[in-house]
Protein chains: 2
Amino acid sequence: MLRLSKLTDYAVVVLVRLSGMDGVQTSPGIAAATGIPEPTVAKVLKSLAAGDLVASQRGARGGYRLNRDLSAIPIADVIAAIDGPIALTACVEGSGAGCESQGLCPMRGRWDPVNEAIRKALSGITLADMQVALLPAFRLPAHQAQLQSAAE
Amino acid sequence: MLRLSKLTDYAVVVLVRLSGMDGVQTSPGIAAATGIPEPTVAKVLKSLAAGDLVASQRGARGGYRLNRDLSAIPIADVIAAIDGPIALTACVEGSGAGCESQGLCPMRGRWDPVNEAIRKALSGITLADMQVALLPAFRLPAHQAQLQSAAE
DNA sequence: GTTATCCGGACTGTCTCAGTCCTGATTGGG
DNA sequence: CCCAATCAGGACTGAGACAGTCCGGATAAC
């Protein structure tokens, strides 16, 4: 199903939220604004900080802020920060020696071109692209349910 | 991590194996040729048959054969047959009404362009593309271990 | 010095998935 | 006409990953 983790979904929400503000923001504040549980927000922000997508300021009056503009953050970077490197199968470069049936398995890194294609596709879409289509929903909170039922 | 199931990996191996033969092949036969456990091969073939990628013949002397040429099978079709429709998150068209926090969640189907990009990328790669790079491994069964250690 | 915040890790319940098995339906051969 | 071989479809189980939570420590403002 090509499922990506729910944490990645949260990460996008958090990053978009961060982009709207000037100074630093605390994780409780973001949690309250987004409706995501506070510990989960903290966890996501830690991963994002490890991936250099956000900068952290410790101590009182501390918090997080964006490191780059949304248009400079491809969705691939977010996925890599939260879920680790993008790889469809276990049989990729990272764990080349891990496959137990090396002799029999005729695939030997055959998914690499597929991985490459996906990586390329994900690198071409930035958070700014995802945000533009998201704005109308903010403007019509009362009509969301209506729009939804119409789309079904 | 964008993990796709191991079954999909097996499916590609099985389909490539099927392409090399003229008549029908039984699942035990394919299992023996590929090294994949027989029940697993049967399971994969059933899913592939449900997806119209292979045709099945029941009864004695029955088996499976390819429905189309490898070059006419995009990898996206294989994934869809094994893992279901391609969708990164749960919040897509399929389960539009399932998201519990519809009011708060500002993403509302925001991943659709990303899904579309990936679907497009996966539709552009056929099994034939994956096979060409795979042939050398078939020709040098005795040298595989050697090539491998050299690559590490 | 006290308080608020981030940091890093460990821990647990839940859920999905890989893999197996069983019972029935279909077809060809003896 | 009966039997063997094969596919069809589902149920079942053990393992692994993930979401979510919590705790002790470090850092910086007041």
Side-chain angles (χ1 to χ4, degrees), chain A residues 1-11 13-14 18 23-32 34-65 79 82-84 87-91 95 98-101, chain B residues 1-11 13-14 18 23-32 34-65 79 81-84 87-91 95 98 100-101:
Chain A
M1 242 166 305
L2 275 180
R3 292 224 345 263
L4 63 80
S5 69
K6 209 181 294 185
L7 274 300
T8 307
D9 201 340
Y10 292 158
V13 176
V14 167
L18 270 178
V24 299
Q25 288 192 83
T26 68
S27 30
I30 297 175
T34 56
I36 303 171
E38 192 270 334
T40 303
V41 171
K43 186 178 192 175
V44 167
L45 282 169
K46 278 182 237 176
S47 298
L48 292 176
D52 272 331
L53 291 176
V54 301
S56 65
Q57 179 162 353
R58 301 174 65 158
R61 307 285 312 250
Y64 293 93
R65 70 177 165 72
I79 295 174
I82 301 292
D83 286 338
L88 285 177
T89 65
C91 288
S95 58
C99 192
E100 65 284 351
S101 55
Chain B
M1 244 163 302
L2 276 181
R3 294 228 340 266
L4 64 80
S5 69
K6 210 181 292 185
L7 275 299
T8 306
D9 201 341
Y10 292 156
V13 176
V14 168
L18 270 178
V24 299
Q25 289 191 84
T26 68
S27 30
I30 298 175
T34 57
I36 303 172
E38 192 270 334
T40 303
V41 171
K43 186 178 192 176
V44 167
L45 282 169
K46 280 181 237 176
S47 298
L48 292 177
D52 272 330
L53 290 176
V54 301
S56 67
Q57 179 162 353
R58 301 173 66 157
R61 309 283 313 247
Y64 294 92
R65 67 177 166 74
I79 296 174
I82 302 290
D83 286 338
L88 285 175
T89 64
C91 288
S95 58
E100 63 286 349
S101 56

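Atom set for the values below is all heavy atoms of this structure, side chains included, hydrogens, waters and symmetry mates excluded.
Taking atom CD of residue Glu38(A) and atom C1' of nucleotide dA4(C), one finds them 12 Å apart after rounding to whole Å. Note: CG (Asp9(B)) to C1' (dG19(C)) measures 15 Å, nearest angstrom. Here dG16(D) presents its C1' atom at 15 Å from CG of Leu7(B), a figure rounded to the nearest Å. Nucleotide dT20(C) holds its P atom 11 Å from the CD1 atom of Ile36(B), rounded to whole Å. Going from atom NZ of Lys43(B) over to atom C1' of dT20(C) covers 8 Å, rounded to whole Å. Atom CD in Gln25(B) sits about 15 Å away from atom C1' in dC7(D), given to the nearest Å. Between Ile79(B) atom CD1 and dC17(C) atom P there is a gap of 14 Å when expressed in whole angstrom units. The distance from atom OH of Tyr64(B) to atom C1' of dT26(C) is 13 Å, rounded to the nearest whole Å.
Contact check, Thr40(A) against dT21(D): a side-chain N or O comes under 4.0 Å of OP1 or OP2. For the pair Thr26(A) and dC6(C), the criterion of a side-chain N or O lying under 4.0 Å from OP1 or OP2 is not met. Residue Tyr10(A) places at least one side-chain N or O closer than 4.0 Å to OP1 or OP2 of dG20(D). Residue Arg61(A) places at least one side-chain N or O under 4.0 Å from the OP1 or OP2 atom of dC30(D).
Contact check of residues 45-58 of chain A against DNA chain D (heavy atom, cut-off under 4.0 Å) returns Arg58(A).
Under the 4.5 Å side-chain criterion, counting only non-hydrogen atoms from C-beta, Ile30(B) is not in contact with Val13(B). With contacts defined as side-chain heavy-atom distances shorter than 4.5 Å, the pair Leu18(B)/Leu45(B) qualifies.
In plain terms, the two heavy atoms of Pro37(A) and Ala31(A) that are nearest each other are C-CB, 4.3 Å.
Contacts of Gln57(B) classified as side-chain contact (heavy atoms from CB on, under 4.5 Å), with partners at least two apart in sequence or in another chain: Val24(B). With sequence neighbours excluded, the residues that form a side-chain contact (heavy atoms from CB on, under 4.5 Å) with Thr8(B) are Trp111(A), Leu4(B), Ser5(B), Val78(B), Ile79(B), Ile82(B), Asp83(B).
Side-chain proximity of Ser5(B) to dC6(C), dC7(D), dA18(C): nearest is dA18(C).
Interatomic distance, Lys6(A) NZ to Ile36(A) CD1, rounded to the nearest 0.5 Å: 11.0 Å.
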